[in-house]
Amino acid sequence: MTIDRSKWTATFTLNATTGWPCPRCYDGMLVPAAHSFHKQETFESRDAKQSEDWEPDWEEERFAGLLACNRNECAESVAVCGRTHLEPSSDDPHQWIIVYAPRFFLPAPPIFRVPNGTIQSVRDELMRAWTLYWSDAASCANRIRTCVELLLTYVGVPQSTRPLGKKPARLSLHARIEKFRVRAPELAESLMAVKWLGNAGSHVGELKKDDVLDGFELLEHVLAEVFEERSKRLKRLQKDIVKWKGPRKRRR
């Protein structure tokens, strides 16, 4: 499933839905509870006003507040904090609006819907990754890399090897993916790509949000294939439709 990237690089204002899905029900969207937001200008922003060159878009505040699911039957609340800045209104360029740029959520909105059947350890690691996404792309990529390790353990790829007459030796993630490649070459290639992104987070530390979203998109694809057998299900579906030359005959 393709991730809508415009959603995950977005800021928000207090008078509109954010576009982010509810972390509890997935179906609702998070909306700001305007009365809950508090903000205060930073020292640097106040100090900058002493300059003769000062412009309104120099102003910066820190904020904290609550978002709520817009489905009444859910109404989950999410804490959020970050920074604000001013932008010209699209309706009137002489008017300025306050824009909220989040840096932390509790709990964080899910960047993709986790496939049914996904094991709890991977779900937990994904939640940590979604939280880090907003503040630390490199650490987020490392959490995605951990998901790969957990997934390989689930599908039975060993974590270590024991050469004849020697002590057990831990297998690198690269080696484990290569073992998995024998069974599922296409999925292994996706996991290898995620591994390289995780490595970049560890050793380079200059990943951007788009890089992390690449990792999430590849991981979601593998999870869907492992836990929901998406490709097999679609092949069965197309085969049935071709067989019946139209809608499938369904059991009553």
Side-chain angles (χ1 to χ4, degrees), residues 2-23 28-71 75-112 126-144 197 200-201 204-217:
T2 302
I3 293 172
D4 181 356
R5 295 182 180 233
S6 63
K7 227 183 245 189
W8 302 107
T9 54
T11 53
F12 68 94
T13 61
L14 294 188
N15 58 358
T17 59
T18 62
W20 299 316
C22 172
M29 291 292 171
L30 296 176
V31 295
H35 64 278
S36 73
F37 277 74
H38 302 278
K39 52 191 176 61
Q40 185 166 313
E41 192 172 6
T42 66
F43 173 84
E44 291 81 3
S45 178
R46 294 195 305 270
D47 192 51
K49 287 179 176 176
Q50 308 305 314
S51 170
E52 293 179 356
D53 299 323
W54 183 86
E55 294 287 344
D57 59 356
W58 290 19
E59 186 169 301
E60 182 180 76
E61 299 171 310
R62 295 190 180 101
F63 78 87
L66 292 174
L67 305 172
C69 177
N70 63 0
R71 289 180 68 240
E76 172 73 316
S77 62
V78 172
V80 60
C81 63
R83 295 175 180 269
T84 74
H85 60 272
L86 296 174
E87 289 182 1
S89 168
S90 56
D91 300 324
D92 180 358
H94 300 292
Q95 225 177 16
W96 295 83
I97 59 173
I98 301 172
V99 175
Y100 292 76
R103 294 296 300 274
F104 177 78
F105 290 88
L106 183 67
I111 291 177
F112 61 83
L126 278 172
M127 289 179 67
R128 296 183 186 103
W130 291 334
T131 300
L132 287 166
Y133 170 79
W134 299 95
S135 58
D136 191 337
S139 296
C140 178
N142 273 308
R143 290 294 186 182
I144 300 173
L197 288 173
V204 181
E206 294 182 357
L207 290 179
K208 295 180 172 58
K209 284 186 175 179
D210 255 345
D211 300 320
V212 175
L213 291 174
D214 288 342
F216 278 129
E217 195 158 351

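Computed from a predicted model, the values in this text were never measured in an experiment.
The residues Glu59 and Lys49 are annotated as salt-bridged, a charged nitrogen and a carboxylate oxygen being separated by less than 4.0 angstrom. Salt bridge status for Asp214 with Arg5: present, with a side-chain N to carboxylate O gap under 4.0 Å.
In this structure a side-chain-to-backbone donor-acceptor pair under 3.5 Å is missing from Trp58 to Ser45. A donor-acceptor pair under 3.5 Å links the side-chain atoms of Ser36 to the main chain of Leu66, judged by distance alone.
Taking the centre of each ring, Phe216 and Trp8 stay at or above the 6.0 Å mark.
Atoms CD1 and CG, from Ile144 and Leu207 in turn, are 9.0 Å apart once rounded to the nearest 0.5 Å. Distance check: Leu14 CG to Phe63 CZ gives 8.5 Å after rounding to the nearest 0.5 Å. Atom CZ of residue Phe104 and atom CG of residue Leu132 lie 9.0 Å apart, to the nearest 0.5 angstrom. Taken to the nearest 0.5 Å, the CZ atom of Phe105 stands 10.5 Å off from the OG atom of Ser135.
Residues Tyr133 and Arg143 fail the side-chain proximity criterion, which asks for heavy atoms closer than 4.5 Å.
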Please set out all donor-acceptor pairs under 3.5 angstrom arising from side-chain atoms of residues 77-88, sequence neighbours excluded.
from: Arg83; atom 1: NH1; to: Glu60; atom 2: OE1; distance (Å): 2.6
from: Thr84; atom 1: OG1; to: Glu61; atom 2: N; distance (Å): 3.3
from: Thr84; atom 1: OG1; to: Glu61; atom 2: OE1; distance (Å): 3.2
from: His85; atom 1: NE2; to: Glu87; atom 2: OE2; distance (Å): 2.9

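Counting heavy atoms of neighbouring residues, nucleotides and ligands inside a 6.0 Å radius, atom CE of Met127 does not exceed 12 of them. More than 12 heavy atoms of other residues, nucleotides or ligands lie within 6.0 Å of CD in Glu41, so this atom counts as buried by the packing criterion.
Listed by chain and number, the residues in a side chain to side chain donor-acceptor pair (under 3.5 Å) with Asp4 are Ser6 (sequence neighbours excluded).
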